*Asks:* 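Take a look at this one; I'll ask things after.
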Protein chains: 2
Amino acid sequence: MTADGLEARLREIGEQRYHHRHPFQLMLQNGELDRRQVRAWALNRYYYQAMIPIKDASLMARLEDPEWRREWRTRLVDHDGEAPGEGGIERWLKLTDGLGFERELVQSTRAILPGTRFAVEAYVHFVRDRSLLEAIASSLTELFSPKVIGTRVSGMLEHYDFISEETLAYFRPRLTQAPRDAERALSYVREHARRADQQQAVMAALEFKCDVLWTMLDALHHAYIDGHVPPGAWDGESGLVAGATP
Amino acid sequence: MTADGLEARLREIGEQRYHHRHPFQLMLQNGELDRRQVRAWALNRYYYQAMIPIKDASLMARLEDPEWRREWRTRLVDHDGEAPGEGGIERWLKLTDGLGFERELVQSTRAILPGTRFAVEAYVHFVRDRSLLEAIASSLTELFSPKVIGTRVSGMLEHYDFISEETLAYFRPRLTQAPRDAERALSYVREHARRADQQQAVMAALEFKCDVLWTMLDALHHAYIDGHVPPGAWDGESGLVAGATP
């Protein structure tokens with residue numbers, strides 16, 4: 001495949017498997033969730049946000065070119081900020097604040113679904129253990145995120161009176177950060193995935209990452225829409241389901 | 001806590017969080033699943049079976065006492081057998097054979113749910129990355145497995161005409177193997193978890209492992225009972241859901 005052919009195939013994978021098609025995502029943006037379900041989403045997704053700089057640091061640790069490390073470092077700045085109270089993780093906590101969670105509960109991650117934890121950890125391990133090319137390719141879901149973020153923000157603001165511009169502060173910078181990051185990662189992949197086996201590995205990495213995001217929403221859907229909250233997780237009210245660590 | 005106190009607490013965790021309480025497990029043993037759902041269970045659970053010797057080998061690699069390695073090695077013999085065509089993995093394939101799957105599809109694991117993959121990998125990583133005490137403690141779910149195996153075998157034989165004694169050959173040896181293994185692991189834990197922090201870590205390890213088994217059944221439940229099969233996974237008939245790797 002040419003670089004253009006590979007890029008077209010990657011965009012096709014995103015079209016088919018990115019979570020913009022997931023029922024939970026559609027319900028979220030269409031205002032079909034109740035406050036409890038939106039809270040569950042924000043609580044669980046915090047763990048993903050909190051682990052992103054960890055996977056980016058482990059990726060940077062394998063970039064031998066200072067130029068590339070400098071570029072990749074902007075991702076850490078975006079998430080961790082330049083000072084306390086700044087950055088994407090902090091902005092995500094504004095969302096969980098606005099939804100009435102104590103920060104201690106959110107930051108401990110003890111109330112999240114095991115399905116969330118396993119999916120996010122799978123991503124961290126993938127980036128740490130696979131080739132640098134696959135690690136970079138697994139970030140390519142950001143090619144597709146601006147569309148879902150735009151729809152999500154406008155849909156949530158329109159439909160939920162417990163959501164405000166301020167609580168959604170996380171998403172606005174992402175509209176410019178994600179495309180910039182995605183373009184860099186895509187140009188790396190286009191340049192370095194020349195052989196057929198490399199191109200196969202890149203496509204599999206993107207599919208894997210789509211699976212991570214999809215599985216996180218499956219876990220939320222099963223627990224908080226279908227009503228099967230597992231032992232130990234947030235019960236949807238003020239505590240944890242029986243069987244929790246005391 | 002005394003060793004007896006710790007053991008009592010571990011048995012309590014099992015009572016509350018082991019998957020004998022999971023709705024999918026109850027439906028399986030009560031004959032409430034259709035053939036497609038039983039097939040999905042066998043196909044996905046194969047990945048767990050196949051990875052067990054890998055986690056046991058990584059655990060053995062950290063046992064410094066030959067006596068302990070020799071004892072732990074019986075687990076590998078149980079799963080891998082002494083010769084081709086023997087062992088627990090092979091017996092699990094008799095089940096998937098009996099349910100009409102091609103071995104190539106099963107052994108490739110390409111049709112399993114991402115939720116299954118992430119949960120099983122979380123277990124493998126846990127055993128590899130945590131302390132030896134935690135790794136051994138995470139195997140203690142076997143304290144509770146004989147009960148569920150007995151009920152499962154008798155229930156499946158009674159209710160499903162597509163299941164025979166022969167296809168369930170995996171489970172009979174487990175009725176004696178699992179208690180033997182569990183007793184050894186329990187005696188290790190009783191002896192080595194003396195400090196409060198060690199006892200906490202042991203309880204958390206058992207909870208983690210209960211979460212792994214529970215999450216595997218949640219994924220099956222969501223996909224094949226509630227009808228939300230994710231992109232790329234087995235469609236319940238003869239192929240994979242759209243979005244699969246070509």
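Residue numbers begin at 1 in each chain, while the letters A, B, ... track the order of the sequences. On a predicted model such as this, the values are computed, not experimentally measured, just so you know.
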*Asks:* Is chain A contacted by the side chain of B:His221, its backbone, both, or neither, given a heavy-atom distance below 4.5 Å?
*Replies:* both
*Asks:* Checking B:Asp211 against chain A: side chain, backbone, both or neither under 4.5 Å from a heavy atom?
*Replies:* both
*Asks:* Only pairs of heavy atoms separated by less than 4.5 Å count here; which of A:His125, A:Glu121, A:Arg117 has the most with chain B?
*Replies:* A:His125
*Asks:* So among B:Leu10, B:Leu206, B:Ile149, which one has a side chain to side chain contact (heavy atoms under 4.5 Å, CB included) with B:Phe144?
*Replies:* B:Leu206
*Asks:* Where does the angle between the aromatic ring planes of B:His222 and A:His222 fall among parallel (under 30°), tilted (30 to 60°) and perpendicular (over 60°)?
*Replies:* perpendicular
*Asks:* Under the side chain to side chain contact (heavy atoms under 4.5 Å, CB included) criterion, do A:Gln49 and A:Tyr170 qualify, and how do the steps go?
*Replies:* CA-CA 10 Å; A:Gln49 302 302 338; A:Tyr170 172 80; 2.8 Å; yes
*Asks:* Centre of B:Phe101's six-membered ring, under 6.0 Å away, within 45 degrees of the axis: is that where NZ or CZ of B:Arg39 sits?
*Replies:* yes
*Asks:* Tell me, out of B:Ala219, B:Ala119, B:Ala223, who's got the most heavy-atom pairs with chain A below 4.5 Å.
*Replies:* B:Ala119
